[in-house]
Amino acid sequence: APIEVKKIVCIGAGYVGGPTCAVVALKCPHIQVTIVDVNQSRIDAWNDPDFNLPIYEPGLVDVVKGCRGRNLFFSTEVDKGIAEADLIFVSVNTPTKKSGLGAGFAADLNYIELATRRIAEVSTSSKIVVEKSTVPCRTAESMRTILEANAKPGCRFDILSNPEFLAEGTAIEDLFAPDRVLIGSLQSQEGLDACAALANVYANWIPKERILTVGLWSSELSKLAANAMLAQRISSVNMLSAICEATGANVDEVAYAVGKDSRVGPKFLKASVGFGGSCFQKYSLNLVYLARSLNLEEVARYWYAVVEANDYQKNRFAKKVVDTLFNTITGKKIAVLGFAFKADTGDTRESPAIDLINHFLSERARVTVYDPEVQESQIMLDLTDYGAKPAEPIQKAVTVCPSALEACKGADAIVVVTEWKEFVNLDWQSIHDTMNKPAFIFDGRNILKRQELKNIGFKVVSIGTGD
Ligand code: NAD
Ligand code: UGA
């Protein structure tokens with residue numbers, strides 16, 4: 001018979017663990033949900049009386065307000081949380097390995113392993129253990145081996161894969177009404193029972209036909225595949241943008257026409273300065289590593305090209321800025337609008353803004369930056385590569401500004417990197433008045449009203465347009 005889940009613990013209170021389990025708590029008032037983390041300041045922020053939560057996500061505050069202290073708790077008592085729970089989400093970080101075998105490609109599973117060992121150590125009753133983190137294929141097998149080798153007598157562990165498909169900026173919408181929820185399990189009776197238990201939790205708000213149940217390895221691979229195919233779509237449209245610029249075609253028109261084919265579909269075809277975020281590059285490279293380790297070199301090359309195309313796009317855009325500004329930006333002032341990797345998030349992981357600004361700094365430009373959600377301290381961490389580079393020259397060359405207007409004052413060029421809505425309707429006339437002439441705008445997201453800007457007198461350079 002399916003097990004009834006009454007207490008859930010989530011290990012890892014990050015971008016995924018926090019929002020996903022807060023939504024579980026909101027939608028399942030009969031389940032007690034505790035989100036635990038080793039990071040005290042993160043937990044303190046989740047418990048902040050004024051709801052200054054550690055991550056910015058539209059709608060998140062209302063979800064947390066709706067259930068914190070009722071059936072949603074944030075705590076650093078990891079062991080206690082594990083001991084009490086019937087179901088454990090493992091939602092810890094899985095960065096790319098920096099050294100050793102597979103460095104730069106393979107996932108670092110150290111945090112997953114530590115969390116798994118902790119579960120084995122402190123559990124005195126049977127648990128369903130759910131991989132929520134994105135992990136390489138067959139990680140569930142390693143988790144099972146560790147759990148079984150260290151289990152106390154009478155404790156059994158059933159392992160499920162339940163990858164998360166939310167996108168940042170729309171996390172709450174995505175969690176309220178996901179395209180699908182994917183649960184992978186062993187096809188044994190125990191595996192299927194555990195799967196049914198988790199499916200019943202989601203069934204509290206998600207229609208049954210959207211809850212897909214598959215084998216463990218399919219589930220793990222589907223997550224990498226979904227990310228790699230989305231990344232591939234953006235790289236495809238970005239590689240077309242280069243052809244558009246050289247031919248006079250317009251990439252937005254091309255993407256619209258292509259996307260009208262119902263087999264292709266209209267979404268996720270926006271040409272850009274390149275994709276960013278903690279996951280597209282990382283999981284495309286994980287897939288490359290997987291293919292290589294299976295001796296599928298041609299397959300590895302195919303997925304590697306998606307990442308290479310993205311690097312090319314970022315470089316191409318940076319080079320275009322320099323070329324257009326008469327082949328030199330030394331001493332010139334470049335205003336960068338947006339630092340987050342996409343709009344509606346404060347997350348800067350792998351943001352194209354970092355590469356672009358580094359490029360501008362290597363050409364000895366002065367850079368001003370404005371982003372509505374990213375703090376100056378975060379920008380400096382990213383530009384110094386978390387302290388790996390000396391801070392002083394960067395602090396000298398880069399100024400973080402409190403508004404777009406401030407950042408653009410006296411600039412030679414404006415570069416739009418993040419598609420924040422507020423950039424569309426800035427007071428462009430006043431901005432133009434303060435700038436050095438000719439005043440250039442590089443629209444890395446194709447969001448601005450080109451004609452209006454041209455009428456004001458701006459020289460506008462967009463992605464994927466020949467004129
Ligand atoms: P994150 O770094 O924001 O959060 C992970 C948290 O886990 C950190 O706060 C860390 O302190 C905590 N942690 C690590 N080890 C721990 C331990 N042993 N005990 C307790 N806490 C521990 O990461 P994230 O963005 O939430 O990503 C989590 C996973 O979900 C990753 O595998 C990621 O690839 C995947 N994912 C992320 C997104 C996204 O949009 N960010 C979307 C889908 C999937
Ligand atoms: C992505 C996926 O969309 C999620 O389904 C997945 O769960 C998540 O990765 C993950 O595994 O972490 P996310 O990275 O949050 O979500 O954001 P996206 O909306 O996918 O955007 C990624 C990058 O691609 C951003 O830099 C965005 O600006 C860029 N992008 C997106 C484009 O350049 N063009 C587009 O048409 C769409």
Side-chain angles (χ1 to χ4, degrees), residues 9-21 35-43 45-46 54-55 57 75-79 81-82 88-96 107-119 131-136 139 162-171 174-175 178-180 223-224 226-231 233-238 241 252 255 259 266-284 286 310 313-314 338 340-345 347-353 417-419 444-446 463:
V9 72
C10 172
I11 307 179
Y15 285 88
V16 170
T20 40
C21 287
I35 305 179
V36 296
D37 204 298
V38 287
N39 183 333
Q40 181 76 52
S41 62
R42 228 174 191 182
I43 290 298
W46 281 110
I55 60 178
E57 201 53 73
S75 162
T76 51
E77 290 182 287
V78 178
D79 291 356
I82 294 172
I88 303 169
F89 283 109
V90 179
S91 187
V92 300
N93 35 332
T94 49
T96 304
D108 179 350
L109 294 177
N110 189 34
Y111 300 98
I112 296 272
E113 174 156 350
L114 289 176
T116 308
R117 288 188 179 273
R118 209 67 222 144
I119 293 170
E131 289 173 349
K132 187 52 125 174
S133 297
T134 304
V135 290
T139 300
N162 174 221
E164 184 49 59
F165 295 100
L166 69 80
E168 289 176 32
T170 53
D174 294 343
L175 290 166
D179 286 346
R180 78 308 207 182
K223 173 63 191 174
L224 295 188
N227 272 5
M229 287 189 72
L230 290 169
R233 231 172 125 86
I234 302 170
S235 277
S236 296
V237 82
N238 281 342
S241 75
D252 289 330
K267 294 184 185 164
F268 242 70
L269 287 176
K270 188 78 185 150
S272 64
V273 41
F275 60 71
S278 65
C279 291
F280 277 177
Q281 167 159 327
K282 180 166 80 174
Y283 295 122
S284 302
N286 281 177
N310 196 51
Q313 184 76 352
K314 287 186 282 189
F341 80 96
K342 63 185 271 193
D344 293 324
T345 175
D347 192 351
T348 61
R349 290 179 287 181
E350 306 288 334
S351 175
V417 185
T418 312
E419 69 281 26
R445 295 289 185 169
N446 287 0
I463 301 266

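In listed order, ligands and their atoms are each counted from 1.
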Student: Just to confirm my output: which protein heavy-atom neighbour is closest to atom 14 (O) of ligand 2, and how far is it?
Tutor: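 Closest protein heavy atom to atom 14 (O) of ligand 2: Phe341 CE1, 3.5 Å.
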
Student: Touching ligand 1 at all, Phe165? Heavy atoms, strictly under 4.0 Å?
Tutor: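 Distance cut 4.0 Å: Phe165 fails for ligand 1.
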
Student: Looking only at distances, please establish whether an N/O atom of ligand 2 is found under 3.5 Å from an N/O atom of Asn227.
Tutor: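 In this structure, Asn227 places an N or O atom under 3.5 Å from an N or O of ligand 2.
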
Student: Out of Gly277, Ser351, Gly276, who gets a non-hydrogen atom closest to atom 23 (C) of ligand 2?
Tutor: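 Ranked by closest heavy atom to atom 23 (C) of ligand 2, first place is Gly276.
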
Student: Taking atom 15 (O) of ligand 2 as the point of reference, which of Glu168, Glu419, Glu164, Lys223 owns the nearest heavy atom?
Tutor: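 Residue with the shortest heavy-atom distance to the ligand atom: Glu168.
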
Student: Using atom types as modelled and distance alone, determine if a side-chain donor or acceptor of Lys132 lies under 3.5 Å from a backbone N or O of Asn162.
Tutor: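 Confirmed, Lys132 side chain pairs with Asn162 backbone.
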
Student: Can Glu168 and Arg349 be counted as an ion pair, charged N to O under 4.0 angstrom?
Tutor: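 So Glu168 pairs with Arg349 through a salt bridge.
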
Student: Any side-chain heavy atom of Asp347 sitting closer than 4.5 Å to one from Phe341?
Tutor: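 A side-chain contact exists here, since the closest heavy-atom pair is under 4.5 Å.
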
Student: Looking at ligand 2, is there an atom of it that comes within less than 4.0 Å of some heavy atom belonging to Ala167?
Tutor: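 Under 4.0 Å: yes for Ala167.
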
Student: Can you check whether Phe165's main-chain N or O pairs, donor with acceptor, with Arg180's side chain at less than 3.5 Å?
Tutor: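 Side chain of Arg180 to backbone of Phe165, a donor-acceptor pair under 3.5 Å: no, none is there.
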
Student: Considering only heavy atoms of Tyr15, which atoms of ligand 1 have at least one such atom less than 4.0 Å away?
Tutor: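 This gives 3 (O), 24 (P), 25 (O), 26 (O), 41 (N) as the contact atoms.
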
Student: Hey, which atoms in ligand 1 end up nearer than 4.0 Å to a heavy atom of Glu168?
Tutor: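 Here the atoms of ligand 1 in question are 39 (C), 40 (O), 41 (N).
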
Student: Tell me which protein heavy atom sits closest to atom 33 (O) of ligand 2, plus the residue, atom name and distance to 0.1 Å.
Tutor: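 Answer, as residue, atom name and distance: Ser272 OG, 2.6 Å.
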
Student: Quick one: CD on Gln313 to OG on Ser235, what's the gap to the nearest 0.5 Å?
Tutor: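 The OG atom of Ser235 is 8.0 Å from CD of Gln313, to the nearest 0.5 Å.
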
Student: Minimum distance, heavy atoms only, to atom 7 (O) of ligand 1: which one of Gly17, Ser278, Gly14, Gly12 is it?
Tutor: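 That would be Gly12.
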
Student: Considering non-hydrogen atoms only, spot the tightest contact between Lys223 and Pro163 and give its length.
Tutor: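 Between these two residues, the closest heavy atoms are CB-CB, 3.5 Å.
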
Student: Would you mind running through ligand 1 and noting each atom that sits below 4.0 Å from a heavy atom of Val38?
Tutor: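 Going through ligand 1 atom by atom, the ones under 4.0 Å from Val38 are 11 (O), 19 (N), 20 (C), 21 (N), 22 (C).
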
Student: Report yes if Cys279 has an N/O atom closer than 3.5 Å to an N/O atom of ligand 2; otherwise report no.
Tutor: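 No, since none of the N or O atoms of Cys279 sits under 3.5 Å from an N or O of ligand 2.
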
Student: Using heavy-atom distances only, which candidate in Ile35, Val16, Asp37, Val92 approaches atom 12 (C) of ligand 1 most closely?
Tutor: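 Minimum heavy-atom distance to atom 12 (C) of ligand 1 goes to Asp37.
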
Student: In this structure, does ligand 1 have an atom that sits under 4.0 Å from one of the heavy atoms of Leu114?
Tutor: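 Distance cut 4.0 Å: Leu114 fails for ligand 1.
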
Student: Do Leu175 and Pro19 come close enough that some side-chain heavy atom pair is under 4.5 Å?
Tutor: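 They are in side-chain contact.
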
Student: Quick one: OG1 on Thr134 to CG on Asn227, what's the gap to the nearest 0.5 Å?
Tutor: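 Nearest 0.5 Å value for the OG1-CG distance: 6.5 Å.
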
Student: Which bit of Lys223 gets closer than 4.0 Å to ligand 1, counting heavy atoms only: side chain, backbone, both or neither?
Tutor: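 The part of Lys223 near ligand 1 is the side chain, not the backbone.
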
Student: Quick one: which of Phe275, Phe165, Phe280, Tyr283 has a heavy atom closest to atom 22 (C) of ligand 2?
Tutor: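 Among Phe275, Phe165, Phe280, Tyr283, the closest heavy atom to atom 22 (C) of ligand 2 belongs to Phe280.
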
Student: Does the Glu131 side chain pair with the main chain of Ser133, one donor and one acceptor, at a distance under 3.5 Å?
Tutor: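 No: the side chain of Glu131 does not pair with the backbone of Ser133.
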
Student: Within less than 4.0 angstrom of ligand 2, does Ile234 place any heavy atom?
Tutor: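 It does, in that a heavy atom of Ile234 comes within the 4.0 Å cut-off of ligand 2.
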
Student: Would you kindly specify which portion of Leu166 sits under 4.0 Å from ligand 2, judged on non-hydrogen atoms: side chain, backbone, both or neither?
Tutor: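 Under 4.0 Å from ligand 2, Leu166 contributes backbone atoms alone.
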
Student: Against ligand 1, does Arg118 come closer than 4.0 Å with any heavy atom?
Tutor: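 Checking ligand 1 against Arg118, which is what was asked, there is no heavy-atom contact under 4.0 Å.
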
Student: What atoms of ligand 1 come within less than 4.0 Å of a heavy atom belonging to Glu164?
Tutor: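 So the atoms of ligand 1 that pass are 43 (C), 44 (C).
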
Student: Just let me know how Arg445 lines up against ligand 2, side chain, backbone, both or neither, with a heavy-atom cut-off below 4.0 Å.
Tutor: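 Side chain only; the backbone of Arg445 stays clear of ligand 2.
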
Student: Among Glu57, Gln40, Arg42, Arg349, which one has a heavy atom closest to atom 8 (C) of ligand 1?
Tutor: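 Closest candidate by heavy-atom distance is Arg42.
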
Student: Which one holds for Lys267 and ligand 2: side chain close, backbone close, both close, or neither close, with close meaning a heavy atom under 4.0 Å?
Tutor: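 For Lys267, there is no contact with ligand 2 at all, from either part.
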
Student: Please work out whether any backbone atom (N, CA, C, O) or any side-chain heavy atom from C-beta onward of Lys282 is under 4.0 Å from ligand 1, and answer side chain, backbone, both or neither.
Tutor: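 Just the side chain.
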
Student: What distance do Ser241 atom OG and Lys270 atom NZ have between them, rounded to the nearest 0.5 Å?
Tutor: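 Here the rounded value is 11.0 Å.
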
Student: Can you list the ligand 1 atoms lying under 4.0 Å from a non-hydrogen atom of Ser133?
Tutor: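 Numbered from 1, ligand 1 contributes 29 (C), 30 (O), 32 (O).
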
Student: Indicate, as side chain, backbone, both or neither, the part of Leu269 found under 4.0 angstrom from ligand 2 when only non-hydrogen atoms are considered.
Tutor: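 The answer is the backbone.
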
Student: To which protein heavy atom is atom 36 (O) of ligand 2 closest, and what is the distance rounded to 0.1 Å?
Tutor: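 The answer is Lys270 N, 2.8 Å.
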
Student: Under a 4.0 angstrom heavy-atom cut-off, which atoms of ligand 1 come close to Ser91?
Tutor: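 Within the 4.0 Å cut-off of Ser91, ligand 1 contributes 5 (C), 28 (C).
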
